[in-house]
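Both counts, for ligands and for their atoms, begin at 1 and track the order of listing.
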Amino acid sequence: MSKIHYKYPLARPYIDNADKKAVLRVLESGYLSGGSKYLEFEKKMANYLGVKYACSVSSGTAGLHLAVKALEIGRGDEVITTPFSFVASSNCLLYERAKPVFVDIEDVTYNINPQKIEAAIGKKTKAILPVHIFGQSCEMDKIVQIAKKYGLHIIEDACESLGSKYMGKKTGTFGEIGVFAFYPNKQMTTGEGGMIATNSKTIYEICSSLRNQGRSINDQWLRHERLGYNYRMNEMSAALGISQLKKLDWMIKKRQQIVAWYNSELADTEGIIVPKIGSFRTHTWFLYVIRLTKTLRNDIIRNLAKAGIASKNYMPTIHLQPFMRKLFGYRVGDFPISEMVASQSLALPFYIQMNKSDVKKICNEIKKIV
Ligand SMILES: *Cc1c(COP(=O)(O)O)cnc(C)c1O
């Protein structure tokens with residue numbers, strides 16, 4: 001993460017003594033990879049999510065890549081997704097020479113607009129890849145309905161939305177595959193790590209094989225059935241994951257409390273739009289992101305930095321990243337809602353060690369400028 005040392009960084013993992021002990025026990029056991037912890041973590045995560053299978057991997061990006069491989073999406077195929085996301089949700093398609101077809105977002109939840117999906121479906125469309133941005137669910141009932149109508153796969157990028165629900169059901173469990181990530185800024189961490197959730201035994205077995213060099217899943221020594229990768233999760237990460245999962249619901253409640261503090265400080269401030277939650281949803285808050293006019297945003301970033309407070313424009317749209325422009329010729333104006341939100345959004349420090357007076361202090365610095 002950022003090299004500049006802020007008194008209030010954007011994010012910070014929460015690691016307690018139980019976490020440290022769990023990792024230490026693995027180190028002392030000598031089984032640092034391929035032991036029993038990753039299997040235990042998978043079982044517990046499947047249980048938490050309410051799916052039949054979970055396959056641990058070395059990162060969320062690795063998980064997304066394997067999801068694309070498992071559904072045999074490749075050269076010439078198109079996948080409908082959102083331009084307002086972290087690049088990994090499109091990169092996983094490019095790894096397999098599939099084409100991301102972007103559909104603009106709606107301006108309340110910043111998620112893909114289901115009303116605009118059908119117009120983007122063509123002969124080559126194979127799947128929809130919705131991203132539950134910042135921790136709140138897309139309108140999954142509508143997306144599932146469209147996918148059924150056109151016979152499309154669904155891969156959910158739930159890397160920012162662990163634990164959040166839509167109509168009572170957890171994100172990452174609506175499609176054939178849901179992918180989670182455990183980078184240190186997520187709702188829970190394993191250092192680096194990810195998890196693929198599915199109800200399909202076949203998908204679970206293919207992903208398990210692919211993350212382990214394509215080895216046959218009944219573990220016949222060095223029998224490689226397909227071209228695979230080393231995307232395995234190590235045992236220290238898995239042990240940390242098991243320990244973190246125990247307190248996940250508590251950590252999520254803490255996040256929700258901090259959001260409530262921020263909102264009460266900023267909701268009535270002119271020029272600031274605080275985040276809103278769409279209907280039928282619970283939100284688990286990967287980040288706390290407000291919106292401002294562009295000129296105001298730059299002033300605020302500068303002044304917060306002077307006060308030791310990190311903040312960041314979260315995030316530039318994918319289609320305007322230099323390599324995406326070069327590949328597909330995208331231009332400013334192609335996805336206006338995403339571009340507008342991207343030009344206005346600002347992530348503020350957000351981690352569960354913050355208390356009410358920290359939030360107040362940060363908000364006061366913002367109000368000085370607004
Ligand atoms: C964090 C994240 C990922 C995966 O990140 P990794 O660093 O590879 O674990 C993928 N998509 C989104 C939207 C994310 O926020």
Side-chain angles (χ1 to χ4, degrees), residues 1-2 10-13 38 41 45 54-69 79-96 100 102-103 105 109-112 127-138 140 143 154-164 171-172 175 177-197 207 210-211 229-234 237-238 240-241 244 255 275 283-289 312-319 321 324 338 341-342 345 347 350-351:
M1 279 191 258
S2 177
L10 267 190
R12 253 171 97 175
Y38 80 99
F41 184 32
M45 192 52 86
C55 175
S56 60
V57 283
S58 53
S59 71
T61 306
L64 287 166
H65 184 199
L66 294 193
V68 171
K69 295 273 301 185
V79 175
I80 290 172
T81 189
T82 169
F84 190 68
S85 173
F86 180 58
V87 282
S89 60
S90 284
N91 283 355
C92 63
L93 302 167
L94 301 180
Y95 297 155
E96 294 304 316
F102 295 119
V103 165
I105 58 170
T109 66
Y110 314 141
N111 282 323
I112 191 166
I128 306 173
L129 196 159
V131 181
H132 307 300
I133 208 71
F134 300 151
Q136 89 164 302
S137 180
C138 300
M140 287 313 296
I143 292 171
I154 295 177
I155 300 171
E156 289 175 79
D157 182 339
C159 290
E160 298 188 358
S161 68
L162 181 60
S164 80
T171 53
I177 306 184
V179 180
F180 297 87
F182 309 120
Y183 189 72
N185 65 354
K186 313 278 176 178
Q187 285 90 342
M188 64 168 257
T189 188
T190 63
E192 295 277 2
M195 193 68 78
I196 300 164
C207 290
L210 284 172
R211 64 132 177 234
Y229 304 86
N230 177 0
Y231 282 171
R232 294 182 301 262
M233 175 177 279
N234 69 65
S237 290
L240 182 54
Q244 289 258 302
R255 296 178 97 82
H283 200 320
T284 58
W285 304 101
F286 164 55
L287 290 169
Y288 183 78
V289 179
K312 201 171 188 173
N313 46 339
Y314 240 101
M315 64 220 141
T317 61
I318 296 175
H319 69 286
Q321 296 288 352
M324 291 296 290
S338 297
V341 174
S345 54
F350 189 61
Y351 44 91

- Note on the structure: Shortest non-hydrogen pair, Ser137 vs His132, comes out as CA-ND1, 3.4 Å

- Minimum heavy-atom distance Cys159-Phe180, with the two atoms named: SG-C, 3.9 Å

Please indicate whether any nitrogen or oxygen in [X] is less than 3.5 Å from any nitrogen or oxygen in ligand 1.
{"X": "Gly60", "answer": "yes"}
{"X": "Glu192", "answer": "no"}
{"X": "Tyr183", "answer": "no"}

- Task: Could you pull out, from Cys159, Gly63, Ser89, the option with a heavy atom nearest to atom 3 (C) of ligand 1?
- Result: Cys159

- Who's closest to atom 1 (C) of ligand 1 heavy-atom-wise, of His65, Glu160, Lys186? Lys186

- In terms of side-chain heavy atoms, does Ser164 have a donor or acceptor partner in Thr171 at a distance below 3.5 Å? yes

- Item | From OH (Tyr351) to CZ (Arg12), nearest 0.5 Å | 5.5 Å

- Task: Please round to the nearest 0.5 Å and tell me the distance separating atom CG of Asn230 and atom CG of Leu210.
- Result: 12.5 Å

Identify every side-chain donor-acceptor pair in residues 87-95 under 3.5 Å, counting partners at least two apart or on other chains, and give the distances.
residue, atom, partner, partner atom, Å
Ser89, OG, Ser85, OG, 2.7
Ser89, OG, Phe86, O, 3.1

Within the 4.0 Å heavy-atom shell around [X], which atoms of ligand 1 are there?
{"X": "Ala88", "answer": "10 (C)"}
{"X": "Ala181", "answer": "4 (C), 9 (O)"}
{"X": "Thr61", "answer": "4 (C), 5 (O), 6 (P), 8 (O)"}
{"X": "Val131", "answer": "13 (C)"}

- What part of Asp157 sits under 4.0 Å from ligand 1 if we count only heavy atoms: the side chain, the backbone, both or neither? side chain

- Out of curiosity, is Ser85 lining ligand 1, as in a heavy atom under 4.0 Å away? yes

- Message: As a test of understanding, state which of Leu129, Ile133, Val103 forms a side chain to side chain contact (heavy atoms under 4.5 Å, CB included) with Ile112.
- Response: Val103

- Task: For residues Phe134 and Phe350, establish whether the separation of their ring centroids is below 6.0 Å.
- Result: no

